[in-house]
**Q** 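Pasting in a structure now, in structure tokens, and then I'll have a few things to ask.
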Amino acid sequence: MGAGLLSLNFALEDDGFVLQLEDRVILRSTADKPAFQVARGNADVRMIRGNFSIGDTPQDHHSLSFARMDGADLVLSAQDGSQPHLRLRIAENRLEVRTVDTRFDRVWIDLAAQPGEHVWGGGEQMSYLDLSGRRFPIWTSEPGVGRDKSTELTRLVDEDCMGGGDYWWTNYPQPTFLTSSLMACHLDSSAYSVLDFTDATRHRVEVWQGDFALELYVAPDIRDLVGQLSTRFGRQPPLPDWAIGGAIVGLKEGEASFTRLERIVAAGAEVSGLWCEDWIGIRQTTFGRRLFWDWSWNAARYPDLPTRIADLATRGIRFLGYVNPYLANDGAQYQEALAAGYLALRQDSDAPYLVDFGEFDCGVVDFTNPAALDWFADRVIGQEMLDFGLSGWMADFGEYLPVDLRLHDGSDPMLMHNRWPVLWAEANAKAIASRGRTGDAVFFMRAGFSGVQAHCPLLWAGDQSVDFTRHDGINTVLTAALSAGLVGNAYSHSDVGGYTSLHGNVRTADLMMRWCELGAFSPVMRSHEGNRPDDNLQIDSSEALLAQFAAMSQVHAKLAPYVRHLSDEAVMTGLPVQRPLFLHYFEDALFSVQDQYLYGADMLVAPIVEARSTGRNVILPGDAPWRHLWSGEDLAPGTHFVSAPYGQPPVFYRPDSPFALLFASLETQG
């Protein structure tokens, strides 16, 4: 067994027991402070357009104060000699938990915390990299708009569709955490759960399921621990050269998109892809310009698209589209799926379950039916997209599975909800593999859960508001990449310019300039027009913006050899491309830094993520100098204020890097 798979063991004590991993105490349970509790749950779940309100009124709550061995199992009960409630069994690094009375479907476990311990993980978290002191419900959903109850924008969206959100809302939660004591814990369950770090003396895991397992990992250093988790969940293939060798330009103006693309290329932009999410047509709603959810070419909006795609290919430019796992009930593919019995059903009838996506309704393709998953992978993605000529797409949504529908395999939707993004990723990966294009065609997802890593080659950070706000602006992109990277997701990127524009919140030129810079130092650089393109600035709205996008796309393209190295390293080691500072400089002072990152081991990026800023303080870690990318000046380790005119975000590199000559060639770029 490797370092991460050392065997657990129980040790009974006079007043309870301990669970140990070698000489490390994982949990200690005593009569007056039991580590396990159980109850019978009574969930109240409401959903409006992917926004969830989840409550519970548990009954028959018991603290399990007494333990006894029963063979190899440890049996827990509320009173000495009373009917047992839980049976615990060890299998290598797994603690398997089973309720004796299946009516008890709420379990709380308190793991031991070290003094001053820091905690990371939780999937893709948007607000906090360091989870210490807070609780994080694990439930995939819309991420919320504003995500800050003190702001007017959040209040307005809450009133409209309870969609303002809060700091823990995320498209991609995962019940996995790592600690600064070099231990990691993964909850092997798809149930609603909570990671609770509000008490510094314990790490509490709440699970809405009676049968599950905890997996424990330890390592001699943080990078090894991250690598073990990547191995556990599955590694992504290397990013293809085309995806990292230039910018992917997002335009959705039908045939006019090609005219605009030519102007962007003429301005000097390095373009590797044209992404037209409206290739399937549009639907105008009060939220903005939405898409028509029937996944085939809309010839009226994009005449002669096959010829256009072929012409772009001769210039080294790939064409990308859009798809999601739902079918509009006024589209042809909905009728096809309905006739084949591939849609999830209502609980009270055999009618298809329809989900309100905001002024239009959709059926849910039932991926628990293997035939339905295969149909979507081959008939929709394979034939309509890959065979048509697409090289990539946004694989959107995955978070909306309601909990009151009926699934083909008879599973409980409360347990399937978090798993849905993984099945969605599997359908996309299966389609690509069926055409022999794994590692060439690329789809990117915002939704996720444990296991999505094995299927999804690229994350994107979801639908940020088009601003600099603390909990929903450009800065959340950094936190998203760093947190997701620690639990096995090597590649992340964002919509250059942000996405959500509501209630008068629109892009500024300042925001666009800074997001172009951030995109340049991400493994994939991709622009987006947002939900209200006509109300917002675009990368080609002015000569200044176009020049900035072109310059930053050139930087991105020149860094491709380094990103290729990082991608190959990710395949070998599981280390993400964008890394928290502490991944290479394991110091307490760096454990909560989330507004700058290491781009691999040799480059440090400190993006401007505050409005109207002309510079910022930058932490340069370690004990050797760092070289400023734009001036070539060496700075000693420590904190420095660094000026940052547009086109020159604070970026540094190690002078002894094998890529130092490549980095130095960028000095004159800004």
Side-chain angles (χ1 to χ4, degrees), residues 45-52 140-143 160-163 171 252 277-298 301 321-369 371-373 375-377 379-381 384-385 393-408 413 416-428 431 443 445-447 462-463 499 531:
V45 181
R46 293 182 296 138
M47 182 187 80
I48 300 177
R49 301 174 198 166
N51 306 301
F52 287 83
T140 180
S141 71
E142 283 281 0
D160 176 47
C161 60
M162 67 180 194
N171 305 109
K252 51 179 177 181
E277 58 176 348
D278 62 332
W279 75 289
I280 35 75
I282 63 168
R283 186 195 303 268
Q284 194 67 38
T285 71
T286 56
F287 179 77
R289 188 177 300 164
R290 304 287 298 276
L291 306 175
F292 190 79
W293 292 12
D294 189 82
W295 315 118
S296 58
W297 166 40
N298 186 297
R301 189 160 181 82
Y322 175 100
V323 69
N324 72 48
Y326 308 100
L327 298 172
N329 66 348
D330 53 352
Q333 289 171 357
Y334 173 89
Q335 295 299 328
E336 189 175 338
L338 178 64
Y342 292 157
L343 299 176
L345 305 176
R346 295 174 58 89
Q347 290 184 344
D348 58 2
S349 73
D350 288 336
Y353 188 106
L354 295 179
V355 181
D356 175 10
F357 280 90
E359 300 171 46
F360 61 97
D361 295 331
C362 294
V364 180
V365 179
D366 190 346
F367 293 139
T368 70
N369 180 348
L373 191 149
W375 172 80
F376 202 100
R379 169 69 185 88
V380 179
I381 299 176
E384 300 290 347
M385 300 174 67
W393 53 87
M394 174 181 281
D396 205 359
F397 290 96
E399 312 89 343
Y400 276 58
L401 186 74
V403 299
D404 59 346
L405 47 57
R406 180 155 48 102
L407 295 169
H408 173 82
M416 189 54 67
H417 174 85
N418 279 334
R419 279 279 302 163
W420 210 249
V422 182
L423 296 178
W424 173 224
E426 182 182 348
N428 283 267
F443 64 94
M445 290 179 58
R446 66 175 193 175
D463 297 346
Y499 175 78
N531 66 307

**Q** Do Phe397 and Met445 pass the side chain to side chain contact (heavy atoms under 4.5 Å, CB included) test, and can you show the C-alpha distance, the side-chain angles, and the key distance before you say yes or no?
**A** CA-CA 8 Å; Phe397 290 96; Met445 290 179 58; over 6 Å; no
**Q** Could you tell me the separation between the CG atom of Asp294 and the CD atom of Gln333, rounded to the nearest 0.5 Å?
**A** 4.0 Å
**Q** Could you measure the distance from the CE atom of Met416 to the CG atom of Leu407? Nearest 0.5 Å is fine.
**A** 6.5 Å
**Q** Taking side chain to side chain contact (heavy atoms under 4.5 Å, CB included) as the test, write out the residues that go with Asn428, two or more places apart.
**A** Val323, Ile381, Trp393, Ala395, Trp424, Phe443
**Q** Just jot down the side chain to side chain contact (heavy atoms under 4.5 Å, CB included) partners of Arg283, sequence neighbours excluded, or say none.
**A** Thr285, Phe292, Ala328, Asp330, Phe360
**Q** If you measure from CZ on Phe357 to CG on Leu291, what distance do you get to the nearest 0.5 Å?
**A** 12.5 Å
**Q** Please enumerate all residues that pass side chain to side chain contact (heavy atoms under 4.5 Å, CB included) together with Ala371, with sequence neighbours excluded.
**A** Tyr342, Asn369
**Q** Thr368 side chain to His408 main-chain N or O, any donor-acceptor pair under 3.5 Å?
**A** yes
**Q** Take Tyr353 and Asp404 through the side chain to side chain contact (heavy atoms under 4.5 Å, CB included) test and state the conclusion after the steps.
**A** CA-CA 9 Å; Tyr353 188 106; Asp404 59 346; 2.5 Å; yes
**Q** With a 6.0 Å cut-off on ring centres, are Trp279 and Tyr322 close enough?
**A** no
**Q** Taking salt bridge (Lys or Arg N to Asp or Glu O under 4.0 Å) as the definition, give me every residue that meets it alongside Arg379, ordered by chain and number, with sequence neighbours left out.
**A** Glu336, Glu384
**Q** Would you list the atom pairs, donor with acceptor, under 3.5 Å between side chains in residues 45-52 and any protein atom, with sequence neighbours excluded?
**A**
from  : atom 1 : to     : atom 2 : distance (Å)
Arg46 : NH2    : Ser53  : OG     : 3.3
Asn51 : ND2    : Ile48  : O      : 3.0
Asn51 : ND2    : Cys161 : O      : 3.4

**Q** Report the C-alpha separation of Tyr334 and Trp293 in whole Å, then their side-chain angles, then the decisive distance to 0.1 Å, and conclude whether the side chain to side chain contact (heavy atoms under 4.5 Å, CB included) test is met.
**A** CA-CA 9 Å; Tyr334 173 89; Trp293 292 12; over 6 Å; no
**Q** Please report the interatomic distance CG(Asn329) to SG(Cys362), rounded to the nearest 0.5 Å.
**A** 7.0 Å
**Q** Dump the intermediate steps for side chain to side chain contact (heavy atoms under 4.5 Å, CB included) on Ile282 and Lys252, then the final yes or no.
**A** CA-CA 9 Å; Ile282 63 168; Lys252 51 179 177 181; over 6 Å; no
**Q** So does Asp366 pair up with Arg406, basic N to acidic O under 4.0 Å?
**A** no
**Q** If I take atom CZ from residue Arg346 and atom CG from residue Leu405, how far apart are they, to the nearest 0.5 angstrom?
**A** 10.5 Å
**Q** Indicate yes or no: at least one non-hydrogen side-chain atom of Asn324 is less than 4.5 angstrom from one of Trp295.
**A** yes
**Q** Do Pro325 and Val365 touch side chain to side chain, with heavy atoms closer than 4.5 Å?
**A** no
**Q** Give, for atom CG of Leu338 and atom CG of Leu327, the distance between the pair rounded to the nearest 0.5 Å.
**A** 10.5 Å
**Q** Salt bridge (Lys or Arg N to Asp or Glu O under 4.0 Å) with Glu359: which residues, sequence neighbours excluded?
**A** none
